[in-house]
Number of protein chains: 2
Amino acid sequence: MPKETFLKLNPEKRKKITDSFLREFSTNNYDDASLTTVVKSLGIAKGSIYQYFDSKLDLFLYLQSECGAIKAKYIMHLKRDDYPDFWAYFKALYREGIKFDLNHPLESNFLHSLAKHIHAPSLKELTKKWFDQVIGVMCSWIQHEVDIGHFRDDLPVKSMAFFLYTVSISIGDYMRTMHGLNLDENIKSGKPVYAAQKGQILLQSVDEYIAMLRKAFEK
Amino acid sequence: MPKETFLKLNPEKRKKITDSFLREFSTNNYDDASLTTVVKSLGIAKGSIYQYFDSKLDLFLYLQSECGAIKAKYIMHLKRDDYPDFWAYFKALYREGIKFDLNHPLESNFLHSLAKHIHAPSLKELTKKWFDQVIGVMCSWIQHEVDIGHFRDDLPVKSMAFFLYTVSISIGDYMRTMHGLNLDENIKSGKPVYAAQKGQILLQSVDEYIAMLRKAFEK
DNA sequence: TAAAAAAATGACCAACCAGTCACATTTCAT
DNA sequence: ATGAAATGTGACTGGTTGGTCATTTTTTTA
């Protein structure tokens, strides 16, 4: 949690600082991301950071929760029951995700690059917790579909959840590969991850994935 | 490529050195892996490493190619045409992979942890090349199955290859999650990645994955 | 306006790292 | 046995980092 001093900062300065660190963590491993570099580029003193946050980790966690909260606003209001099947819901999640990216490119970049941090020694326990949570959510999704007879019931729910998790987080990379995007460059320059592309083309990727996932899961 | 000096070393010493570095790179990011630490634990001088290799990268690449070559011996002799369908072949690949792990735990650990290194800044170009190669191989597998009418032909081959790639590299993590293994601990202690488990139980995981993949890909 | 509280500063610290190189030791050929 | 070639060494360089803290500057309070 950031200290009071940081929260009392005028919003512009706060945003400037936040943005710079989002960029740094988006293009580097946690352990390789350098506070010194960011502080220099911001033109503020290193000591200031430690008046705003307890530690590098504190700063990182703050960024993570802020970005998560913003993205949640786009996604949380979607309800499975408003869609005829799970895959319509799944696609809607991605549709909102792309909106989020266009409106909050830096935050999206940061979340998108979280996979990079998973193997950082300093974050091992944290990422394990996060992973278990995500798998938990997916398990409950899938269990529900099994219960109403939409999904197959001959495999462990957890296996299916893991499969879905893996495939889901890979869709971003998949878009890059298939549509020739250069995510890393967009991240560095601060452009939206999917800047040059229309949402429609990107959703086509999601459709292709769904075409496979649907068959894999259906009864 | 290692220097002559290294290749002329007596095999035991060479193995001792190789093993220690395999362990270090298996439990750390490339950039965080420390030659200094390994050299201390080996009781040899830092300078010696630079009589054996040009650089840290040179050493890393040597390890990678050595481990790859050993694993290739287990896998390369398998031919798709010797199996009734792709999935029998796919399963055979994993069966041999598990054998490889039991016989060469450290090398298997190292290859298994390569995913960690993918995001290391110093290795970006290399891993991109490696990734393109793997996708290329999978494309040719899939194209063949499409040609003989076993796989669906309504999706881009590359999409399917990417899907298969993602799922394939996740099977290791999947086994850990589903069978409660602690891979990282096994890696640190130098035990086989799948030490406590019988191959049969592990192949069951592969079967579950195949049950989903088969449906996703079939015509 | 003066005193007190809050915020910003940057030189400094200890701990790392990959890589170097002049020198010591071992091995090998004559 | 002797000299040359090949190996091994570890203090050292120049760099990095996250984090600290006495001091200065700015803001708030009275």
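The sequence lines fix the lettering, A, B, ..., with proteins before strands; numbering per chain opens at 1.
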Chemist: Could you report the tightest heavy-atom contact between A:Lys3 and A:Gln51, atom names first, then the distance?
Modeler: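 So the two residues come closest at CD-O, 3.5 Å.
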Chemist: Given atom CZ of B:Phe6 and atom P of D:dT7, what is their separation to the nearest angstrom?
Modeler: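 It works out to 13 Å between those atoms.
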Chemist: Take B:Phe162 and B:Phe131 through the ring pair (Phe, Tyr, Trp, His ring centres under 6.0 Å) test and state the conclusion after the steps.
Modeler: CA-CA 10 Å; B:Phe162 202 92; B:Phe131 172 82; 5.7 Å; yes
Chemist: Quickly work out the A:Leu42 CG to C:dG10 C1' distance and round it to whole Å.
Modeler: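 So the two atoms are 16 Å apart, to the nearest Å.
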Chemist: May I have the distance from B:Asn10 (atom CG) to C:dT26 (atom C1'), rounded to whole angstrom?
Modeler: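 Spelled out: CG on B:Asn10 to C1' on C:dT26 is 14 Å.
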Chemist: Would you call A:Lys71 and A:Glu96 a salt bridge, using N to O less than 4.0 angstrom?
Modeler: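 Salt bridge flag = no for A:Glu96 with A:Lys71.
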Chemist: Mind calculating the distance between CD (B:Gln51) and C1' (C:dA18) to the nearest angstrom?
Modeler: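 Going from CD in B:Gln51 over to C1' in C:dA18 covers 16 Å.
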Chemist: Is the NZ atom of B:Lys16 crowded by more than 12 outside heavy atoms at less than 6.0 Å?
Modeler: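 No - once you tally the heavy atoms of other residues, nucleotides and ligands closer than 6.0 Å, there are 12 at most.
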Chemist: Quick check on the 6.0 Å ring-centre criterion: do A:Phe217 and A:Phe86 meet it?
Modeler: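 Centroid distance A:Phe217-A:Phe86: not below 6.0 Å, so no.
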Chemist: May I ask you to verify if any side-chain N or O of B:Tyr52 is less than 4.0 angstrom from the OP1 or OP2 atom of D:dT7?
Modeler: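 For B:Tyr52, the contact criterion (side-chain N or O under 4.0 Å from OP1 or OP2 of D:dT7) is not met.
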Chemist: Please classify the nucleic acid contact of B:Lys3 as base, sugar-phosphate, or nothing, using heavy-atom distances under 4.0 Å.
Modeler: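 Counting heavy atoms under 4.0 Å across all strands, no contact is made by B:Lys3.
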Chemist: B:Ile49 has an atom CD1; how far is it from atom P of C:dT20, in whole Å?
Modeler: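 Rounded to the whole Å, the gap is 14 Å.
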Chemist: To the nearest Å, how far apart are A:Ile17 CD1 and C:dA7 C1'?
Modeler: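 It is 12 Å, rounded to the nearest whole Å.
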Chemist: For nucleotides 10-30 of chain D, read 5' to 3', which letter fits each nucleotide if B means a protein heavy atom sits under 4.0 Å from the base, S means only the sugar-phosphate is that close, and - means neither?
Modeler: B------SBBBB---------
Chemist: Quick one: do the A:Tyr74 and A:Asn103 side chains pair a donor with an acceptor below 3.5 Å?
Modeler: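 Indeed, the side chains of A:Tyr74 and A:Asn103 share at least one donor-acceptor pair under 3.5 Å.
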Chemist: How many Å lie between NZ on B:Lys13 and C1' on D:dA6, as a whole number?
Modeler: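 In whole Å, D:dA6 C1' lies 13 Å from B:Lys13 NZ.
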Chemist: Nearest whole Å is fine: how far is C:dT27 C1' from B:Lys8 NZ?
Modeler: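 The answer, rounded to whole Å, is 10 Å.
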